[in-house]
Number of protein chains: 2
Amino acid sequence: MVGIRERARAEHILDIKRVAGEQLSTSGAAGVSLRAIARELGMVSSAIYRYFPSRDELLTALIVDAYDSIGSAAEQADAAVVDRNVRTRWIEVARSAYRWAGEHHTEYGLIFGTPVPGYAAPQDTIGPATRFTTVLLSLLVDAQRRGDVNAAPTTIRPDIRRELASMRARLEIDIDDQLLAAGLLSWVTLFGTISFIRFGHFTNVIEDCDTYFEHVLTHLGTSVIGFA
Amino acid sequence: MVGIRERARAEHILDIKRVAGEQLSTSGAAGVSLRAIARELGMVSSAIYRYFPSRDELLTALIVDAYDSIGSAAEQADAAVVDRNVRTRWIEVARSAYRWAGEHHTEYGLIFGTPVPGYAAPQDTIGPATRFTTVLLSLLVDAQRRGDVNAAPTTIRPDIRRELASMRARLEIDIDDQLLAAGLLSWVTLFGTISFIRFGHFTNVIEDCDTYFEHVLTHLGTSVIGFA
DNA sequence: ACGATGCGTGAGCACTGCTCTCGTTGGGTG
DNA sequence: CACCCAACGAGAGCAGTGCTCACGCATCGT
């Protein structure tokens with residue numbers, strides 16, 4: 001049987017992260033206060049340290065949760081595509097990221113925004129961080145396998161081909177240079193667009209950001225990656 | 001003649017911003033402390049408030065300076081291209097942004113990173129903020145005028161054409177839909193790539209980020225915008 | 001049954017942004 | 001030139017922060 005302490009501990013950790021998440025969405029990362037969390041949970045501030053050794057560790061936990069959240073959103077969006085058409089899958093996955101960023105504004109800023117100087121992402125974060133890109137990569141792998149892609153060939157310099165080959169080996173995937181480069185560029189442009197929209201760089205530039213995002217989406221799928 | 005006070009005031013403001021900038025680059029935006037600045041300048045903390053009404057205003061001043069800094073870097077890079085070839089100008093301007101981001105890591109994070117919730121960019125920032133994009137836009141205008149551009153036509157939906165037309169009217173520029181859309185996409189991809197590199201999202205993904213950036217640069221200039 | 005360990009408490013340290021009052025001093029005005 | 005207001009620096013003080021530590025109590029494994 002699981003002990004009373006163990007259960008209470010798990011619940012407390014959840015409570016702390018919940019309140020911290022509320023503070024995060026209302027006041028940003030700077031507004032997450034251990035003392036305020038303790039106050040809201042009816043405990044003394046020093047008690048928090050029994051569960052998180054420092055404020056940084058709490059934020060790290062929130063980062064991990066955020067990566068997991070956007071990753072699982074993408075996984076679900078991908079799984080929901082019944083006909084497994086790679087073009088549809090790409091659009092749905094990209095849309096899920098856009099939607100997630102809109103619904104979790106500050107969490108998005110936490111993982112795709114300014115990194116804290118001197119704060120090296122702990123090992124705990126790199127696992128969840130790859131969850132989203134894994135969805136994207138498996139999508140590309142399937143596209144390659146099914147031959148559902150025919151992009152206009154672009155010139156790729158030898159040093160970049162070497163870089164791509166190294167990446168291919170590291171990830172143990174079978175995607176040719178053309179598709180891999182296009183996928184990489186689309187990945188960056190996808191989050192570049194989301195960041196520009198969510199961080200307000202399109203103010204006074206683009207009025208209907210939702211529509212523009214859809215445009216970028218189809219453009220990337222059609223002209224850059226070249227899904228059939 | 002300019003008074004003693006006026007001169008002293010201007011110098012103090014410069015001093016405060018200088019020390020704040022040092023703190024910014026070593027400890028990030030969160031590490032900028034009015035009291036620490038006052039200590040370093042040998043004045044009492046409350047004296048700072050004679051020059052900046054709040055910490056936020058100080059940060060705003062740093063943001064304005066950062067926008068000005070990257071803007072003037074781009075202007076200089078553009079002006080240094082003697083033959084006025086638009087392709088060369090694009091590459092030099094984009095490179096200047098990449099270089100600036102590398103040399104001013106935290107300042108870059110300040111303007112392209114996570115926005116503070118509830119912090120609406122004051123009017124003071126929007127002027128300097130457009131300085132970089134103005135360089136980019138004038139480059140596109142020249143390309144259009146000289147006919148130095150021949151991109152593969154992509155499909156642009158009517159609602160996006162409407163958005164582009166509105167943008168064209170607002171900015172009072174003469175760039176056709178095709179080029180404007182390509183420029184917009186390149187702008188986003190440019191800063192998306194810089195952010196991914198500088199914010200560490202390419203760790204364990206791309207080894208030689210400098211080379212990859214050069215690749216993206218030429219790709220955007222050639223395949224997306226299509227400079228002659 | 002007992003000892004080690006987990007846990008909540010409260011005081012305390014060093015720090016933060018910001019406010020207020022109090023003299024002093026510089027600089028336009030009569 | 002004298003005067004008076006505004007700008008200024010100093011210092012105390014308030015409310016808040018992250019974090020540490022010694023202290024007891026409760027729980028759990030032996």
Side-chain angles (χ1 to χ4, degrees), chain A residues 1-24 26-63 106 110 116-119 122, chain B residues 1-63 106 110 116-120 122:
Chain A
M1 153 192 169
V2 57
I4 297 175
R5 260 189 183 158
E6 200 170 334
R7 192 179 7 252
R9 180 173 182 84
E11 198 161 325
H12 279 156
I13 289 180
L14 243 58
D15 278 341
I16 293 172
K17 289 206 290 188
R18 179 178 48 79
V19 177
E22 291 167 11
Q23 291 187 354
L24 183 68
T26 54
S27 328
V32 175
S33 154
L34 295 184
R35 291 184 111 108
I37 294 171
R39 232 173 0 241
E40 178 141 347
L41 293 177
M43 55 170 87
V44 106
S45 70
S46 56
I48 303 278
Y49 291 86
R50 298 287 179 194
Y51 304 95
F52 293 94
S54 74
R55 205 189 89 109
D56 265 17
E57 295 279 337
L58 213 194
L59 285 179
T60 301
L62 293 180
I63 291 175
T106 46
L110 208 55
V116 180
Y119 176 84
Chain B
M1 153 194 169
V2 57
I4 298 177
R5 261 191 180 154
E6 200 170 335
R7 190 176 11 249
R9 180 175 182 82
E11 197 162 326
H12 279 156
I13 289 180
L14 243 56
D15 277 342
I16 293 172
K17 288 206 290 187
R18 179 178 48 79
V19 177
E22 292 168 10
Q23 290 186 355
L24 183 68
S25 45
T26 54
S27 328
V32 175
S33 155
L34 296 184
R35 291 186 110 108
I37 295 170
R39 242 184 337 256
E40 179 142 345
L41 292 177
M43 56 171 86
V44 104
S45 70
S46 58
I48 302 279
Y49 291 86
R50 299 286 180 197
Y51 304 95
F52 293 94
S54 73
R55 206 188 88 109
D56 265 17
E57 295 279 338
L58 213 194
L59 285 179
T60 300
L62 293 181
I63 291 175
T106 46
L110 208 56
V116 180
Y119 175 85

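- Taking atom CZ of residue B/Arg9 and atom C1' of nucleotide D/dA6, one finds them 12 Å apart after rounding to whole Å.
- One distance of note links CZ of A/Arg35 with CD1 of A/Ile48; it measures 11.0 Å at 0.5 Å rounding.
- One can place CZ of B/Arg35 at 12 Å from C1' of D/dT17, the figure rounded to the nearest angstrom.
- Both A/Asp56 and A/Glu6 lie close to DNA chain D; mapped to their nearest nucleotides by heavy-atom distance, the more 5′-ward contact belongs to A/Asp56.
- Computed from coordinates, the B/Ile48 CD1 to D/dA10 C1' distance equals 13 Å when rounded to whole Å.
- Atom pair A/Leu58:CG and D/dT17:C1' shows a separation of 15 Å (rounding to whole Å applied).
- Here C/dC18 is the nucleotide among D/dA10, C/dC18, D/dT17 with the atom lying nearest to any side-chain atom of B/Arg55.
- Between A/Arg39 and A/Arg50, it is A/Arg39 whose nearest contact on DNA chain D lies nearer the 5' terminus.
- Contact annotation: side chain of A/Arg5 to base of C/dG6, donor-acceptor pair present below 3.5 Å.
- Rounded to whole angstrom, the span from the CD1 atom of B/Ile4 across to the C1' atom of D/dA6 amounts to 16 Å.
- Inter-residue side-chain proximity for A/Val32 and A/Ile37 is flagged as met; some heavy-atom pair is nearer than 4.5 Å.
- Here the straight-line distance linking atom OG1 of B/Thr60 with atom CZ of B/Arg55 works out to 10.5 Å at 0.5 Å rounding.
- Applying the 4.0 Å criterion to OP1 and OP2 of D/dC8, one finds that B/His12 has every side-chain N and O outside that range.
- The residue B/Ser54 sits close only to the backbone: its heavy atoms come under 4.0 Å of sugar-phosphate atoms, none of a base.
- With rounding to the nearest 0.5 Å, the separation of CD in A/Glu40 from CD in A/Gln23 is 7.0 Å.
- A/Tyr51 comes within contact range of the sugar-phosphate backbone alone, with a heavy-atom separation under 4.0 Å but no base atom that close.
- Using a 4.0 Å heavy-atom criterion, one finds that B/Ser46 contacts the bases of the nucleic acid, with or without backbone contacts as well.
- Salt-bridge annotation for A/Arg18 and A/Glu22: present, with a side-chain N of the basic residue lying under 4.0 Å from a carboxylate O of the acidic one.
- Across the protein-nucleic acid pair, A/Gln23 atom CD and D/dG18 atom C1' stand 13 Å apart, rounded to whole Å.
- Going from atom CZ of A/Phe52 over to atom C1' of D/dT17 covers 19 Å, rounded to whole Å.
- Between the CD1 atom of B/Ile37 and the C1' atom of C/dC18 there is a distance of 14 Å, rounded to whole Å.
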